[in-house]
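Below: one structure, written as structure tokens.
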Amino acid sequence: MKVLITGAGGQLGLDLVDAFADHDTVGLTRTQLDVTDEAAVAEAVASLRPVLVVNAAAGTDVDGCEADPDGAHRANALAPWWLARACERSGATLVTFSTDYVFDGIAPAGPEGTPRGYVEHDPVAPLSVYGRSKAAGEQLVRETLREHHIVRTAWVSGARGRNFVRTMLRLADEGGPVRVVDDQTGSPTTTRDLAAAVRRLAVSGRYGTVHLVNEGTASWFGVATAVFELAGRAVDLAPQPSSAVRRPAPRPAWSVLDTTHARVTGAGPLPHWREGLERLLDELGARDTGSR
């Protein structure tokens, strides 16, 4: 199968290239294909003629999006639209990624009033420019191409690129105190596990929107605690509220994505987030051998 992966130089894109390595796969980095250039996208899809396009290119600087809403719209709304239009003309399937930030962070009420994860058909209500641009991209793809997979994911970390896990390890090396917010709860996800699930999903023929995250939930403080524990690092770690960190873009307090649809249809389940973290630390060579 001919596969085109855009954003192939990012942490998810690199793992997607690995996941599809046994196919006829072309991975294009941002410098090789600017997905915000409609003409370039149309030419790339027309000339390469992929059966599947996996779009891992995105504007993921959440605070930067607040300062540049037009740029966020180009990267997160127009770019998936250009790809969907090109796929519609060539007969290709498109996988593109969205985010927990399309929701407002107010936990939906589950049985007996307990919080539940967001499901695919919950109404979106983004708080930030980033979230609004991703929600717009979702809708443009839905309106343009039947053969699409919109994958919502959250709290992603991989062995390559900048992410929370690698930041925690760097802070441990620096030796100072580490303060992490404990009032945001989500679905921590590793790019290796996500890429493997996308491979399963992409050939399923079950088009639409799906939540793909590692099982289990945690706060950012809980993830940091696990990183230092599994890495065998003694760190002056303490929790802090989100209000102590001033950022241009608001963060959802509740970012838990329900994975029932993925599990029942066979795209999931992904392993528990702590298992994924253990493998990620192994890949980084950062896991304490005593924790094995």
Side-chain angles (χ1 to χ4, degrees), residues 7 10-12 35-36 55-84 94-110 115-145 148-157 162-164 181 183-189 194 198 208-214 217-220 223 241-243 245-262:
Q11 63 172 350
L12 176 56
V35 293
T36 67
N55 177 37
T60 57
D61 181 350
V62 175
D63 291 325
C65 287
E66 293 292 315
D68 184 14
D70 287 353
H73 190 75
R74 283 192 297 272
N76 295 328
L78 294 184
W81 189 27
W82 303 152
L83 285 162
L94 174 66
V95 177
T96 194
F97 294 90
S98 192
T99 174
D100 56 295
Y101 277 64
V102 300
F103 297 114
D104 61 10
I106 300 173
R116 64 164 175 83
Y118 289 105
V119 296
E120 286 80 357
H121 55 268
D122 278 327
V124 299
L127 304 174
S128 63
V129 169
Y130 171 69
R132 289 192 290 274
S133 69
K134 296 297 279 188
E138 288 187 9
Q139 191 58 30
L140 286 166
V141 169
R142 290 189 191 103
E143 293 173 353
T144 303
L145 180 68
H148 73 265
H149 303 280
I150 295 170
V151 175
R152 291 191 187 130
T153 192
W155 291 25
V156 174
S157 292
R162 293 186 299 174
N163 56 62
F164 181 79
V181 296
D183 54 3
Q184 295 173 25
T185 302
S187 304
T189 305
L194 177 58
V198 167
T209 302
V210 65
H211 292 172
L212 290 180
V213 290
N214 283 104
T217 65
S219 68
W220 284 119
V223 177
S242 297
S243 59
V245 184
R246 294 186 177 181
R247 288 175 168 171
R251 268 63 173 173
W254 182 259
S255 288
V256 176
L257 299 181
D258 183 279
T259 59
T260 299
H261 183 59

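Both backbone and side-chain heavy atoms feed into the values below; hydrogens, waters and symmetry mates do not.
Salt bridge K134/D100: absent, no basic N to carboxylate O contact under 4.0 Å. Here R247 does not pair with E66 in a salt bridge; the nearest charged N to carboxylate O distance is not below 4.0 Å.
Looking only at distances, a side-chain donor or acceptor of S128 sits under 3.5 Å from a matching main-chain atom of G131. Listed for the T209 side chain is no donor-acceptor partner under 3.5 Å among the backbone atoms of I150. Without hydrogens or angle criteria, T36 side chain to A75 main chain gives no donor-acceptor distance under 3.5 Å. Without hydrogens or angle criteria, N76 side chain to G59 main chain gives a donor-acceptor distance under 3.5 Å. When atom types are taken as modelled, the side chain of W81 and the backbone of Q139 share no donor-acceptor pair closer than 3.5 angstrom. In terms of modelled atom types and a separation under 3.5 Å, the side chain of R251 and the main chain of A249 share a donor-acceptor contact. Using a distance-only test at 3.5 Å, with no hydrogens or angles considered, a donor-acceptor pair links the side chain of S187 to the main chain of L257.
At a threshold of 4.5 Å between non-hydrogen side-chain atoms, the residues N163 and V156 do not count as touching. Side-chain contact between T260 and V119 is absent, with no heavy atoms from C-beta onward closer than 4.5 Å. With a 4.5 Å cut-off on side-chain heavy atoms, T60 and Q11 do not count as touching. In this structure the side chain of F97 never reaches within 4.5 angstrom of the side chain of P80, judged on heavy atoms. Residues P188 and W155 have side chains in contact (heavy-atom distance under 4.5 Å, counting atoms from C-beta outward).
Of the residues listed (D104, V102, D258), the one engaging Y118 in a side chain to side chain contact (heavy atoms under 4.5 Å, CB included) is D104, and it is the only one.
For the atom pair CG (D122) and CD (E120), the distance works out to 9.0 Å, reported to the nearest 0.5 Å. The distance from the OG atom of S133 to the CD atom of E138 is 10.5 Å, given to the nearest 0.5 Å. To the nearest 0.5 Å, atoms CH2 (W220) and CG (D183) are separated by 13.0 Å.
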Practice prompt. Before giving the answer on side chain to side chain contact (heavy atoms under 4.5 Å, CB included), spell out for L212 and H149 the whole-Å C-alpha distance, their side-chain angles and the decisive distance to 0.1 Å.
Written response: CA-CA 11 Å; L212 290 180; H149 303 280; over 6 Å; no
Practice prompt. Evaluate side chain to side chain contact (heavy atoms under 4.5 Å, CB included) for T96 paired with L83, printing each intermediate quantity in order.
Written response: CA-CA 9 Å; T96 194; L83 285 162; 5.8 Å; no
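Between H211 and F103, the ring-plane angle classifies as perpendicular under the 30° and 60° cut-offs.
In the model, Q184 has no side-chain atom that pairs as donor or acceptor with a side-chain atom of S255 under 3.5 Å.
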